[in-house]
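Data block below; observations after.
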Amino acid sequence: MVIDTSASSRNSSSEIPSAPPTAAVLLIGNELLSGRTKDINLAHIAESMVARGIRVLEARVIADIPQAIVKAVNELRSSHDYVFTTGGIGPTHDDITADCVAEAFGVELPINPDARELLQAYCNERDIELNDDRLRMARIPLGASLIDNPVSAAPGFRMDNVFVMAGVPRIMQAMLASVLPDLRTGPIVHSVSVGCDLGEGTVASALRALQEAHPAVEIGSYPGKTGQMGRLSLVARSTDEVELNEVRESLVQMVSELGGQLS
């Protein structure tokens, strides 16, 4: 469990409503870019942020290249309230995320005694040697706080507004769950969906007009299939549930006027 001091300091004034917190996701690993590993971490993080009213505005997938990781961390942490990284904190030579985050913040990367104790206990229980390679996972940037890993003990860490987590989905999800309660929340974005059998080319003009009439509502169209039939999902998102319901009614009416069938 970690304390969100950075977010509270950004919003110390009670007179000015704070903007919804924003987040970026940095997925690190050559295996993601080669296609060998199919990422599911982004979807889980995004869903978790939506549930807390945190806007994910950016996601990047980058290779295990030190200068690229350092650059991305510095860019993202300066432009978003929260940055979540996945991957690159294991025991092998290509696990370099901790090194890069330490470099981005300009701090040392010593063995953290608490992290070492966690790893030692884990190894002792399984009669495994805590060798130098496994000990790499106890290297934590100076000043960072640990993120609990109930799955395999090796912790992630938080450095200011950057949360560094494992790439293995099961471990990442456990790490994220442990820090969610400490994040600043914002207004929840609700969504409504209207399915129909029309094509995007048919609805585009009417959808554009509806968007112009409701600039505070995000409106999009997403083609797909139901069985062998084409299906278009018209989706609207907003923090204002009253206006959102108005938009839903307009979408239903639009489909009818264009000769479509709801699905």
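All values below come from the heavy atoms of this structure, side chains included, with hydrogens, waters and symmetry mates left out.
Between Ala63 and Leu33, the shortest heavy-atom distance links the atoms N-CD1, 3.4 Å. For the pair Ile140 and Ala115, the tightest heavy-atom approach, listed with the atom from each and the gap, is CG1-CB, 4.2 Å. Ala236 and Val247 make their closest contact through CB-CG1, 3.8 Å (heavy atoms, listed as atom of the first residue, atom of the second, distance).
Judged by distance alone, with hydrogens and angles left aside, the side-chain atoms of Arg139 form no donor-acceptor pair with the main-chain N or O of Pro141 at under 3.5 Å. A donor-acceptor pair under 3.5 Å is absent between the side-chain atoms of Thr185 and the main chain of Gly53, judged by distance alone. With Ser238 contributing its side chain and Asp240 its backbone, the two residues share a donor-acceptor pair below 3.5 Å. Asn149 places a side-chain N or O within 3.5 Å of a backbone atom of Val151 that can act as its donor or acceptor partner. At distances below 3.5 Å, at least one donor-acceptor pair connects side-chain atoms of Asn41 with backbone N or O atoms of Gly167. Panel note: side chain Arg60, backbone Ala72; no donor-acceptor pair is recorded below 3.5 Å.
The number of heavy-atom neighbours closer than 6.0 Å to CD of Gln67, taken from other residues, nucleotides and ligands shown, is above 12. Atom CD of Glu58 has more than 12 neighbouring heavy atoms from other residues, nucleotides or ligands inside a 6.0 Å radius. Around atom CD of Glu243, more than 12 heavy atoms belonging to other residues, nucleotides or ligands sit under 6.0 Å away. In Arg116, the CZ atom is not crowded: 12 or fewer heavy atoms of neighbouring residues, nucleotides or ligands sit closer than 6.0 Å. Within a 6.0 Å sphere centred on CG of Asn131, other residues, nucleotides and ligands contribute more than 12 heavy atoms. Annotation for Arg126: atom CZ counts as buried by contact number, over 12 foreign heavy atoms lying within 6.0 Å.
The cationic group of Arg134 does not satisfy the cation-pi geometry with Tyr122, failing either the under 6.0 Å distance to the six-membered ring centre or the 45° limit from the ring axis.
The one candidate from Pro223, Ser263, Cys196 that meets the side-chain contact (heavy atoms from CB on, under 4.5 Å) condition with Arg231 is Ser263.
Tracing side-chain contacts under 4.5 Å through hydrophobic residues (I, L, V, M, F, W, Y), one reaches Val61 starting from Tyr82; they form part of the same cluster. Linking ILVMFWY residues whenever their side-chain heavy atoms come closer than 4.5 Å, directly or via other members, places Leu258 and Val252 in the same cluster. Leu109 and Met159 are not part of a single hydrophobic cluster, where members link through side-chain heavy atoms under 4.5 Å apart. Residues Ile89 and Ile65 do not share a hydrophobic cluster, clusters being chains of Ile/Leu/Val/Met/Phe/Trp/Tyr side chains in contact below 4.5 Å. Residues Phe157 and Val70 fall into different hydrophobic clusters, defined by Ile, Leu, Val, Met, Phe, Trp and Tyr side chains chained together at heavy-atom separations under 4.5 Å.
In this structure, OG on Ser256 lies 12.5 Å from CG on Leu251, to the nearest 0.5 angstrom. For the atom pair Leu119 CG and Arg136 CZ, the distance stands at 12.5 Å (nearest 0.5 Å). Rounding to the nearest 0.5 Å gives a distance of 11.5 Å between CE of Met137 and CG of Leu118. Taking CD of Gln211 as the start and OG of Ser221 as the end, the distance is 11.0 Å to the nearest 0.5 Å. From Arg248, atom CZ reaches atom OG of Ser191 across 11.5 Å, with rounding to the nearest 0.5 Å. With rounding to the nearest 0.5 angstrom, the OG1 atom of Thr85 is 10.5 Å from the CE atom of Met172.
Side chains of Thr92 and Asp94: a donor-acceptor N/O pair is present below 3.5 angstrom, by distance only. With no hydrogens or angles considered, no side-chain donor-acceptor pair links Asn245 and Glu249 at under 3.5 Å.
Considering only heavy atoms from C-beta on, Leu180 comes within 4.5 Å of Ser48 through its side chain. In this structure, Val189 and Arg55 have side chains that are in contact, with non-hydrogen atoms separated by less than 4.5 Å. Taking the side chain as every heavy atom from C-beta outward, Pro21 and Leu183 never approach each other to under 4.5 Å. Considering only heavy atoms from C-beta on, Asn124 comes within 4.5 Å of Gln120 through its side chain.
Through direct or indirect side-chain contacts shorter than 4.5 Å among Ile, Leu, Val, Met, Phe, Trp and Tyr, Val235 is connected to Tyr222.
In this structure, Phe84 and Phe163 have parallel ring planes: the angle between them is below the 30° cut-off, well short of the 60° mark.
With respect to Arg184 and Asp81, a salt bridge is recorded, a charged nitrogen being found less than 4.0 Å from a carboxylate O.
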